[in-house]
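First comes the structure, then the notes that go with it.
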Amino acid sequence: MNLHPFFTAESLAVIGISHANENHPANVIYNKNLLRYPLRVFPVNPQGGELQGEKVFSALGNIKSRVDVAVIAVRAGLVQGVLQECIDMGVGGAIVISGGFAETGRHDLQEALTRTAAAADFPIIGPNCLGLFVPGKMDTFFLPSERMVHPGKGNVAVISQSGGILVDLLIKFHAEGIGLSSAVSIGNKAYVREEHLLDYFAGDPQTGVIALYIEGFARDEGRRFVKAAEKCPKPVVVMKAGKTTGGSRAVSSHTASLAGDHRVFSDVAAQHGIREAKNELELLSFCESLSYYPQTSASRIGIVSSSGGHGAMAVDSCLAHGLKVPDFSEGEQAVLREKMSEGIRSIAAVGNPVDLTGSAREDDFFAATLALAAFSSIDCILLLLLPYLPGISPDLGARLSLIRKKTGKPLIAYVPHVEKYRMLFEGLEINHVPASSSIEGAVLMAKALRRSI
């Protein structure tokens, strides 16, 4: 199945344009792509005519230029005929945003779409979906641009059965500074499924991490998905709904999927190297960390703090998530103490965590972190940075991020996230050090680097 046209499209036909309702989903999709994306966009309505001064085509066949992707936004009963026209005209693929299929009990309509697509090996995304958002290239979400918040370009691909969950995730990705390669809402997944998108993104040079929100699988589909994820050379993160009986019922009524036994899914996922995020915080933390360190394996954590309480909380959280916080040897402790300034050498704790105390200066943070980066006993350094201490400047993040660049040792930071400390966050991001506004979030970023979680 060739999914390439969806992510490299230069032309888009929007089928189902309304002359009477400017807020019709097809009109919203047409307008935003016409005005904001580098696509040739063709509106289609059987009545023909004009829309905002642009010609409306009465049929797909009247478009003389090649159409890479078609968005189908017509009544469910008409979709089958439009789909066949797309196939006959050589369109590269179709996104069916129309609802009224298996999720409402009309399995017959959805099965007909699947048979038609399979016979022609023609990729369709949906039905009952939002479709695609590819930063700088295309947006088929039927949501007005002024109401959306989009992440910037990055290396995380997100696949979701739920359009609403996907939109929420994009808003949170933007807030956390996590960039996207692509986002795909697959809805009822009549033909293009998670396993197909996994195969595509596994070979996509723009994608480094693949995240999925999954509601359920059809018979044997879960096994195929797990095998595809196991073969994927990139980190795969899954957040799955249907953990309870009530949740399973909600899944079935939403996209007509079978939620299955969640415990079985979790066990199988862990056995095959899939990282399962139990909630949105874990999903965001995993994606941000893996976007910087996609091929890193780490489970032994070294902690640098200026507060004993913060260090203790971080240790508790690390151990609760199955990470190790190894004790430093006498030789390692001697190295740490030697690097410290005279003002804190006698009062700092040099175990793990390293507590530099509130009297620490910026040079102490830098020296301690540089020393830990050379320790073979740890795989990753967790920095607990309190920007209100008098001995540090807003440049501390940038200085520390240079250690990651110089040594290759993964660094992860905690910084209280308010606008006043934004410069510290930006300094860390310069050299790709992920940071969280909570200790728990920072520890989850470290957890993401474990090969088996």
Side-chain angles (χ1 to χ4, degrees), residues 1-17 26 29 39-46 57-103 106-132 134 137-138 140 159 161 182 184-204 217-221 224-225 228 255-257:
M1 187 186 304
N2 181 18
L3 302 183
H4 196 64
F6 287 123
F7 304 98
T8 60
E10 296 180 355
S11 59
L12 179 73
V14 184
I15 304 168
I17 291 290
I29 295 168
L39 290 162
R40 288 172 293 140
V41 190
F42 307 108
V44 180
N45 179 292
F57 295 86
S58 59
L60 188 65
N62 294 338
I63 301 172
K64 302 307 179 185
S65 302
R66 172 172 173 77
V67 174
D68 293 319
V69 175
V71 173
I72 301 175
V74 300
R75 293 194 304 275
L78 301 176
V79 171
Q80 175 72 13
V82 175
L83 179 61
Q84 187 60 57
E85 187 179 6
C86 290
I87 294 169
D88 294 342
M89 295 304 301
V91 175
I95 298 165
V96 182
I97 68 170
S98 310
F101 292 88
E103 83 282 2
R106 292 303 306 268
H107 295 275
D108 55 329
L109 290 179
Q110 186 160 313
E111 289 167 1
L113 290 187
T114 304
R115 287 193 301 270
T116 299
D121 194 25
F122 181 81
I124 58 170
I125 292 174
N128 183 34
C129 73
L130 293 179
L132 294 177
V134 184
K137 292 185 177 180
M138 180 194 299
T140 72
I159 304 163
Q161 276 189 259
S182 304
V184 190
S185 160
I186 56 177
N188 294 7
K189 50 179 180 175
Y191 194 48
V192 173
R193 298 174 179 270
E194 291 94 347
E195 63 197 84
H196 305 121
L197 289 161
L198 269 179
D199 286 342
Y200 175 82
F201 288 125
D204 175 27
F217 298 109
R219 188 178 300 276
D220 292 330
E221 185 187 2
R224 297 195 303 272
F225 168 76
T255 53
S257 296

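The structure displayed is predicted, hence computed values, not measured ones.
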Test your reading of the model: is there a side-chain donor-acceptor pair from [X] to the backbone of [Y], 3.5 Å cut-off?
X	Y	value
Ser182	Val134	no
Thr140	Leu132	yes
Ser185	Cys129	no
Glu85	Gly61	yes
Thr114	Ala190	yes
Asn45	Ile17	yes

Are the side chains of [Y] and [X] in contact, using a 4.5 Å heavy-atom criterion?
X	Y	result
Ile72	Cys86	yes
Met89	Val67	no
Phe217	Lys189	yes

If I take atom [atom1] from residue [X] and atom [atom2] from residue [Y], how far apart are they, to the nearest 0.5 angstrom?
X	Y	atom1	atom2	value
Arg75	Leu109	CZ	CG	12.5 Å
Phe57	Ile15	CZ	CD1	12.0 Å
Leu198	Arg193	CG	CZ	13.5 Å
Met138	Asp68	CE	CG	7.5 Å
Leu197	Phe7	CG	CZ	5.5 Å
Ile87	Asp121	CD1	CG	10.0 Å

Heavy-atom closest contact ([X] atom, [Y] atom, distance):
X	Y	result
Ala76	Gly100	CB-O, 3.7 Å
Val69	Pro5	CG2-O, 3.5 Å
Ser65	Arg40	CB-NH1, 3.4 Å
Pro123	Leu3	CB-CD2, 3.8 Å
Gly92	Phe122	C-CE1, 4.1 Å
Ser11	Phe42	CB-CE1, 4.0 Å

Are there more than 12 heavy atoms of other residues, nucleotides or ligands under 6.0 Å from atom CD of Glu221? yes
Audit row: Thr116, Gln84, side-chain hydrogen bond (donor to acceptor under 3.5 Å, both in side chains) steps and yes/no: CA-CA 7 Å; Thr116 299; Gln84 187 60 57; 4.8 Å; no
For Asn2, the side-chain hydrogen bond (donor to acceptor under 3.5 Å, both in side chains) test, sequence neighbours excluded, returns none
Check the pair Ile63, Val44 against side-chain contact (heavy atoms from CB on, under 4.5 Å), reporting the backbone distance first and the verdict last. CA-CA 9 Å; Ile63 301 172; Val44 180; 4.0 Å; yes
So among His196, Glu195, Glu194, which one has a side chain to side chain donor-acceptor pair (under 3.5 Å) with Arg224? Glu195
Are the aromatic rings of Tyr200 and Phe6 close, with centres under 6.0 Å apart? no
Start with the C-alpha distance between Gln80 and Val82, add both sets of side-chain angles, then the distance that settles side-chain contact (heavy atoms from CB on, under 4.5 Å), and finish with yes or no. CA-CA 6 Å; Gln80 175 72 13; Val82 175; over 6 Å; no
